[in-house]
Number of protein chains: 4
Amino acid sequence: MRQTESRTETRTQTRVDPRISESRRLVLMAALEELAEVGYGGFAIESVCRRSGVAKSTVYRHWPGKLTLVADALRSLNVQPGSAMAGVPPSGQTPRERVVEIVRHLATAFTGSTVAACTPALVDAAEHETDIRDLFHEYNAERRQTLVDAVTDGVVAGAFPARVNPDLAAVALAGAIMYRRLMTPTPMNPSDAEALVATVLGEGPSGRRG
Amino acid sequence: MRQTESRTETRTQTRVDPRISESRRLVLMAALEELAEVGYGGFAIESVCRRSGVAKSTVYRHWPGKLTLVADALRSLNVQPGSAMAGVPPSGQTPRERVVEIVRHLATAFTGSTVAACTPALVDAAEHETDIRDLFHEYNAERRQTLVDAVTDGVVAGAFPARVNPDLAAVALAGAIMYRRLMTPTPMNPSDAEALVATVLGEGPSGRRG
Amino acid sequence: MRQTESRTETRTQTRVDPRISESRRLVLMAALEELAEVGYGGFAIESVCRRSGVAKSTVYRHWPGKLTLVADALRSLNVQPGSAMAGVPPSGQTPRERVVEIVRHLATAFTGSTVAACTPALVDAAEHETDIRDLFHEYNAERRQTLVDAVTDGVVAGAFPARVNPDLAAVALAGAIMYRRLMTPTPMNPSDAEALVATVLGEGPSGRRG
Amino acid sequence: MRQTESRTETRTQTRVDPRISESRRLVLMAALEELAEVGYGGFAIESVCRRSGVAKSTVYRHWPGKLTLVADALRSLNVQPGSAMAGVPPSGQTPRERVVEIVRHLATAFTGSTVAACTPALVDAAEHETDIRDLFHEYNAERRQTLVDAVTDGVVAGAFPARVNPDLAAVALAGAIMYRRLMTPTPMNPSDAEALVATVLGEGPSGRRG
DNA sequence: CGCTAACCGAGACGGTACGTCCCGTCTTTAC
DNA sequence: GTAAAGACGGGACGTACCGTCTCGGTTAGCG
């Protein structure tokens, strides 16, 4: 009875039950919280239920298990407009500036954002669950691509030495940030971005720029 | 410690009961198996008991919980003579060769060794457990040091550009390998070591650095 | 009520919607099946829905709960023309023959008919649910009455000793059959009817035996 | 090997852990309560846990499911010294008196005792569970035997007519009591015992019996 | 013969109990 | 006296139904 949908009728498909979307929303939110707080290992569906106020049966009605729930929660991060990872600012002028900017953004995102908090959980989950693995790797590949492109542009433009393999360079840059975050007590500081780029891709300013 | 108890040496430190060391040994072995198989998340002490044939009460007598048991198991890896991670081959001639060798070794170790299988579990555990975190970070720092040293040597010797920050470089190299292992479907191939070093630290042999 | 709607009788009571009666029919049938198969304890409304193809909401629209559904299903048995319990054959000649016939019929009905299959469920349900209890006891009283009447006739006619209390005798006869069915592995065989009557009500007419 | 058990060695068997017997005791008691209150159908293990204060895991450690728990609880009734059903008083003088006494006892036991409260539950359970069925039928057979014996004695002694089939008579007597209890609103009153015996087995005192 | 009221199916929802597995603590028994 | 065995209370797992509810879609029968 809602509205007669007369006219243009954009009505894409079968009109999902509003109760479902609300439940989904609440659960996914709570799941991300839980994931960030206790990791994939400690993740308990009943805890998600308590957080979200949604009944266990409802959760299991929508997701077969912890696995897919987590996967879905993460997928929802990609979509969330305000997500720290969502948009990478490609605003820089020169290729080097663009690369530095991306690296700095990456370093920032890896400290504080929800995804960052989930990353350790994901790393572990990906090791044992194919679905999570595929999702996670794909997600990483997408995120990395901007960096690869920027580096490639720089090499083509002569801003970086020809010896630079864009793929390896991107992996080294992203890897440095990730390594510092996951395997050392001190994450990379965003302000270290320039120094990192200088180390990996050669002199910055002096490199003809100054 | 544990040294040959030279001479008379009448029991300086109470002479640990042989049953205890045997139990410890069995449990730690089983714990590593378990850890590699199901990760830190799925790790179950009762499963370790089943594997090792040691009673649960005995396990809890020696370790306060899953946490410290895992920590201890990992610590035991460091000591194990045949461990893939134990000795880093410092045999190379030039600094660059040494760095390449270390990187190659790292890439190898990250595929197949028991520690490697435990790494994802550790990454997650470290996020939530201080003890594991400290142990893990310290362990990584140690492992990384050889690389830092080798890069420093290379910079000093003029084999690598002066712009290179050895710490960042080491993190970038190790991070690249780790990133490929944990966050992509395809780990770094040991034979890529040279290309990686070339990308991060400048031209190889021919580059003569100039 | 429900009287033959004689004559014009233009719809005193709103002419029930054929969809409703069809749903009712399907559900009650399925409910009896279910009851016979899994008992009152295991009786699941959702299972009845699956059997009958009727939606759960429809079932709950017509019956407030499992209780009344079962009660209704059983009531429907009384009405069913072909029911094993429906008609008691009063065809015998002498009172003793009539009693034997009824007992034999009872023994037969207690093996194989749908009601018989439901009886244990009913016995349990009656213990805890007032509605079911009343319905069940009333039903039993009706069924027993024919027997009481036949025995009374026999006593009056001198076919049975005067000492016989018709109520107690009827209960003993029916009870014997019920006891054998519910509390022993071997139900009463219909051919035992004569022996049972002989035991409870004394020698047969001919007294032939001595 | 087991025990040195020097000496007398009264040591019947492996000495059951006192914690186990205590848990068992508490659970079985609670189970009987539960059974009497809500029947076999409504019987909930978690409710038994709440009643008894014993953890669910402990219950499942000792019994695979509701079925065997109930069976065990009932078995325990047989053993309980004070049980209403345990001892049948065979104190009567003449066979008829003995029979009347047994019947009276039966009628009494069928009103108020714990077993009586469980009987409807058992009748239902026996219908669907082989284990319960066997246990229940066996139990009934035992209980009935005293009655069969007393009747047989009476027939042999000439106190009852020769036409009486002791098995059928016992089933009729016990069945009458059970029928009244399970299938009518008014259980048999113990004081009706004589009238029942008179109806089924012929005249009492006056019955010339001598 | 078309409209409206009702019934229907589908199934989401918050619950409760199931039976399983593991936790970490503890008691008991055996060597 | 210490080790093995394992009982215990607890809590999460994932499943099955419960009884309530909100939806659209359909269909009966009146006007």
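Each chain gets a letter, A, B and so on, in the order the sequences are listed, and its residues count up from 1. Predicted model, so just to flag it, every value in this text is computed and none were measured.
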Engineer: Determine, for B/Glu37 against B/Arg51, whether the closest basic-nitrogen to carboxylate-oxygen distance falls under 4.0 angstrom.
Structural biologist: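 Judged by the 4.0 Å cut-off on N to carboxylate O distance, B/Glu37 and B/Arg51 do form a salt bridge.
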Engineer: If I take atom CG in residue D/Leu26 and atom C1' in nucleotide F/dC8, what distance separates them, rounded to the nearest angstrom?
Structural biologist: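 Value for this atom pair: 13 Å.
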Engineer: I'd like to know if D/Glu22 pairs up with D/Arg25 as an ion pair, taking the criterion as any Lys NZ or Arg NE/NH1/NH2 lying under 4.0 Å from an Asp or Glu carboxylate oxygen.
Structural biologist: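 A salt bridge links D/Glu22 with D/Arg25.
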Engineer: Taking CD1 from C/Ile45 and C1' from F/dT20, how many angstroms apart are they, rounded to a whole number?
Structural biologist: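 Going from CD1 in C/Ile45 over to C1' in F/dT20 covers 12 Å.
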Engineer: Would one find a side-chain N or O of A/Tyr60 under 4.0 angstrom from OP1 or OP2 of F/dG14?
Structural biologist: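 Yes, within the criterion.
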Engineer: Judged by each residue's nearest nucleotide on DNA chain E, which is more toward the 5′ side, D/Gly65 or B/Ser47?
Structural biologist: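 Per heavy-atom nearest nucleotide, the more 5' residue is D/Gly65.
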Engineer: Side-chain contact test, heavy atoms from C-beta onward, threshold under 4.5 Å: evaluate it for A/Arg50 versus A/Lys56 and give yes or no.
Structural biologist: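 The answer is no, as the side chains (C-beta and beyond) never meet within the 4.5 Å cut-off.
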Engineer: For every nucleotide of nucleotides 10-16 of chain E, 5' to 3': is a protein heavy atom under 4.0 Å from its base (B), only from its sugar-phosphate (S), or from neither (-)?
Structural biologist: BBBBBB-
Engineer: Does the side chain to side chain contact (heavy atoms under 4.5 Å, CB included) test come out yes or no for A/Trp63 and A/Arg24, once each step is laid out?
Structural biologist: CA-CA 10 Å; A/Trp63 296 275; A/Arg24 275 187 59 89; 3.7 Å; yes
Engineer: Given atom CZ of C/Phe43 and atom P of F/dG19, what is their separation to the nearest angstrom?
Structural biologist: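 These atoms are roughly 10 Å apart.
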Engineer: Between D/Ala126 and D/Ile132, what is the shortest heavy-atom contact and its length?
Structural biologist: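 Closest heavy-atom pair between D/Ala126 and D/Ile132: N-CG2, 3.8 Å.
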Engineer: Take A/Asp72 and A/Thr68 through the side chain to side chain contact (heavy atoms under 4.5 Å, CB included) test and state the conclusion after the steps.
Structural biologist: CA-CA 6 Å; A/Asp72 227 14; A/Thr68 49; 6.0 Å; no
